[in-house]
Amino acid sequence: MSKRETPTIKDVAKLAGVSIATVSRVLNKLGVVNPETEEKVQKAVAKLNYQPNAVARSLKLNRTKSIGILLPEVSNTFFTEIVEQLEHLLSPKGYALLVCSSEHSVDEEKRKLSFLLERNVDGLVIIAVSDEGSHFADLDVPLVMLDRKIEDLARDVIISDNRQSAYDVTCRLIGEGRRRIGFLGGDPHVHTSVERYRGFVDALTHHGLAVEERFVLHGGMTMKSGYTLMEKALSFKECPDAFFIVNDMVHIGATSYLMEYASREVRHSMAFASFDYLHYAPLLQFCHYAVAQPLEKMAKMAVQILTRRMEGDLKGFPSTTVFQPMIVVMKSSEGASSNGSRPPRFDKEFS
């Protein structure tokens, strides 16, 4: 073999003095080769700097060691932190992630799903863009729905208790003496948005407070939505001095508008209760209470279930796992959680 040629499995076998089949067993970690022979093969691989042909191996084994991840948007920090957790858990298992964004479009979601299926991914983790799920119904690939549920779709689901958490965090605002609370953001076709609105209404109803429809401002789950909806809310007379905010992106947008255009009086009196508590949450100064979802636990469960399904274990299918988030108190406690435990994701380093 000349220096310019790419080493092959045949070259490894020749240098190690073993058969090609033995090299293959070592590289695929089949555990049927004695330690001395395995060591010879590994030394030959290192000396030749041999790189297995992943495409050829995937064709032979009918596995690509890749997992498709489909998100509504990649700019949402909540979604990217989930991807980071999945990467942390799947990479040691030898899997690579193919991450796609549906860009808040069902049509784009269908197109990106086809893209992933054409690449023969071994499994899928989906954060759905809407309640339309017919394109996920009859797939042969193992699939886990994460964060959002689609009714009547027989798939494994991992979610937080959105309704109860929205109820709890809204009650915290009511406990401060807030009697007029608006609802900011959301999409009636997104499971999490619907459940959070129901929890918000539950809290007001339980305390005998009116739901002011004029200040129930649906309009999306993005940062831009939060900015424009906060602008709209403040354009009305007698705007409430408290809002439940549907997610972190809407929260950032609403905060940006207040900081840029609201009067000092409005800024001083405004209070938010928000879903999601991420690493930048303490910077969002109007938020008094936030719902912290257990991202690590959700990702770990997704990997456990997906791995079982890829191995052919269909026990308990379809399963639904519901996690209970934590309420983080951000007013008068400098971000300490209500139960005294450390807020999530603060062990992470940022450049």
Side-chain angles (χ1 to χ4, degrees), residues 69-84 99-113 125-133 145-150 159-160 162 165-166 169-170 181-200 215-236 239 243-262 270 272-281 283-287 290-293 295 298 325 345:
I69 314 292
L70 188 49
L71 315 169
E73 62 175 334
V74 294
S75 59
N76 186 319
T77 310
F78 176 79
F79 299 147
T80 55
E81 291 213 8
I82 285 180
V83 171
E84 181 183 62
V99 182
C100 294
S101 168
S102 60
E103 301 175 20
H104 295 282
S105 163
V106 174
D107 288 340
E108 188 66 12
E109 184 175 68
K110 292 177 180 178
R111 191 178 77 83
K112 293 295 176 59
L113 177 63
V125 177
I126 305 293
I127 301 179
V129 74
S130 77
D131 54 8
E132 165 56 44
M145 307 297 295
L146 184 58
D147 183 55
R148 298 178 180 181
K149 179 180 180 179
I150 298 177
I159 54 176
S160 291
N162 290 274
S165 299
V169 82
T170 303
I181 305 173
F183 185 95
L184 211 64
D187 184 330
H189 297 290
V190 175
H191 169 79
T192 52
S193 174
V194 173
E195 289 297 290
R196 292 168 193 179
Y197 176 67
R198 288 171 177 168
F200 164 80
F215 294 106
V216 174
L217 300 173
H218 298 299
M221 309 283 280
T222 67
M223 196 182 306
K224 182 178 180 180
S225 300
Y227 191 92
T228 56
L229 291 174
M230 192 74 255
E231 179 182 22
K232 182 178 181 179
L234 291 178
S235 71
F236 295 136
C239 178
F243 283 87
F244 172 90
I245 302 187
V246 74
N247 72 357
D248 60 312
M249 289 290 99
V250 175
H251 189 177
I252 293 172
T255 299
S256 298
Y257 184 82
L258 286 177
M259 293 300 296
E260 189 171 1
Y261 292 110
M270 187 62 70
F272 291 158
S274 177
F275 225 94
D276 296 328
Y277 181 90
L278 301 170
H279 61 271
Y280 49 74
L283 302 177
L284 302 174
Q285 61 181 281
F286 305 109
C287 191
V291 177
Q293 300 191 70
L295 299 185
M298 294 171 71
R345 307 298 291 137

> Where is the tightest heavy-atom contact between V291 and P325, given as atom of each residue plus distance?
Replying inline: CG1-CB, 3.4 Å
>> Minimum heavy-atom separation for G133 and I150, please, with both atom names.
In response: CA-CD1, 3.8 Å
> Do any N or O atoms from the side chain of K112 and from the backbone of S101 form a donor-acceptor pair under 3.5 angstrom?
Replying inline: yes
> What closest approach, in Å, do F244 and I181 show between heavy atoms, and which atom pair accounts for it?
Replying inline: N-CG2, 3.9 Å
>> With heavy-atom distances below 4.5 Å as the criterion, would you say the side chains of M270 and M230 are in contact?
In response: yes
> Distance from Y277 atom OH to L295 atom CG, nearest 0.5 Å?
Replying inline: 12.5 Å
> Of the options E195, R196, R148, which is the one that meets N162 in a side-chain hydrogen bond (donor to acceptor under 3.5 Å, both in side chains)?
Replying inline: R196
>> Do I252 and T77 have side chains that approach each other closer than 4.5 Å (heavy atoms only, starting at C-beta)?
In response: no
> Would you call Q285 and M259 a side-chain contact if the rule is heavy atoms closer than 4.5 Å?
Replying inline: yes
> Do S105 and E103 have a side chain donor and acceptor closer than 3.5 Å?
Replying inline: no
> Taking all non-hydrogen atoms of both residues, which atom of D276 and which atom of A290 are closest, and how far apart?
Replying inline: O-CB, 3.8 Å
>> With rounding to the nearest 0.5 angstrom, report the CD1 to CD distance, I82 to Q293.
In response: 7.0 Å
>> Measuring only between side-chain heavy atoms, which start at C-beta, is F286 closer than 4.5 Å to L258?
In response: yes
>> Any non-hydrogen side-chain atom of N76 less than 4.5 Å from a side-chain atom of L71?
In response: no
>> Checking the side chain of T170 only, and the main-chain atoms of F200 only, is there a donor and an acceptor separated by less than 3.5 Å?
In response: no
>> A side-chain contact here means heavy atoms from C-beta on lying under 4.5 Å apart; do P72 and M221 qualify?
In response: no
> Do F275 and H251 come within less than 4.5 Å of each other through their side chains, counting heavy atoms only?
Replying inline: no
> About how many Å separate CZ of F243 and CG of L184, when rounded to the nearest 0.5 Å?
Replying inline: 6.0 Å
> Do any N or O atoms from the side chain of S102 and from the backbone of E109 form a donor-acceptor pair under 3.5 angstrom?
Replying inline: no
>> Once you measure the plane-to-plane angle for Y197 and H218, does it fall in the parallel (<30°), tilted (30-60°) or perpendicular (>60°) bin?
In response: perpendicular
> Between D147 (side chain) and I127 (backbone), is there a donor-acceptor pair under 3.5 Å?
Replying inline: no
